[in-house]
Amino acid sequence: CWRVRGCRSVQMFAVKLALLERLLLLKCSREVVADAFRSLGGVAPDAVETYETVYELYGTCRMMLAVLPPTLLSAVVSSRGCDMHQLLEPLRALRPIQGGNVVDGDVVRALRTLNFLLE
C-alpha cells in the first residue's frame, strides 16, 4: 500500500505517517486522527521502529521550535547567552525536507537525554 502513495520504501511511508499524525493532532481530535490512520492502512511491521522514532521526535517542543523560520522563532523564544536558531540546527538537519535521516540514533539519544535532564 505504501507504493501507491509514491513512497520509495515502507520506511519513508512510516515517516510520512508519523509526520501526518503529529500534524493532525495539533488541530484534530484523537478519533479523527485514528480514523485517518486506519484509512491509510497503518504502519508495516518492519517500519514500526521508524514510525515510533519520528512520532516521538516530532512531538518534542524542540522540534516544533526547530521548524519555525528564524524571524518567528525570535518572536516566540527569548534566549540569553545562545542563539536558539543555531542551537536547533541539528534538529532542523534531521527533517526529511532537508534531506536528513530523521531516525539518526545519535541525535535521538541526545534529545532523549536532554529531555530527561530538563525534567
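Applying side chain to side chain contact (heavy atoms under 4.5 Å, CB included) to Val43 and the options Phe13, Tyr55, Tyr51 leaves one that passes, Tyr51.
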Side-chain donor/acceptor pairs under 3.5 Å, residues 68-75, sequence neighbours excluded:
residue: Ser74; atom: OG; partner: Pro70; partner atom: O; Å: 3.3
residue: Ser74; atom: OG; partner: Thr71; partner atom: O; Å: 2.9

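Formation of a donor-acceptor pair under 3.5 Å by the Arg22 side chain with backbone atoms of Val54 is not found in this model.
A chain of hydrophobic side-chain contacts below 4.5 Å, direct or via other Ile, Leu, Val, Met, Phe, Trp or Tyr residues, connects Phe37 to Leu20. Note: the hydrophobic cluster containing Leu87 also contains Val76 (ILVMFWY, side chain heavy atoms under 4.5 Å, direct or indirect links).
Residues meeting the salt bridge (Lys or Arg N to Asp or Glu O under 4.0 Å) test with Asp46, sequence neighbours left out: none.
Inter-residue side-chain proximity for Leu91 and Leu57 is flagged as met; some heavy-atom pair is nearer than 4.5 Å. Looking at Thr53 and Glu56, their side chains never come closer than 4.5 Å, going by heavy atoms from C-beta outward.
Listed here is the closest heavy atom pair of Arg92 and Gln86: NH2-N, 4.4 Å. Shown here for Val33 and Leu25, the closest heavy-atom pair between the two residues is CG2-CD2, 3.8 Å. Counting all heavy atoms, side chain and backbone alike, Gly42 lies closest to Leu17 at O-CD1, 3.4 Å.
In this structure, Glu49 places its CD atom where only 12 or fewer heavy-atom neighbours from other residues, nucleotides or ligands lie under 6.0 Å away.
Residue Leu26 is found in a hydrophobic cluster whose other members, listed by chain and number, are Leu23, Met64; membership requires side-chain heavy atoms under 4.5 Å apart, directly or through intermediates.
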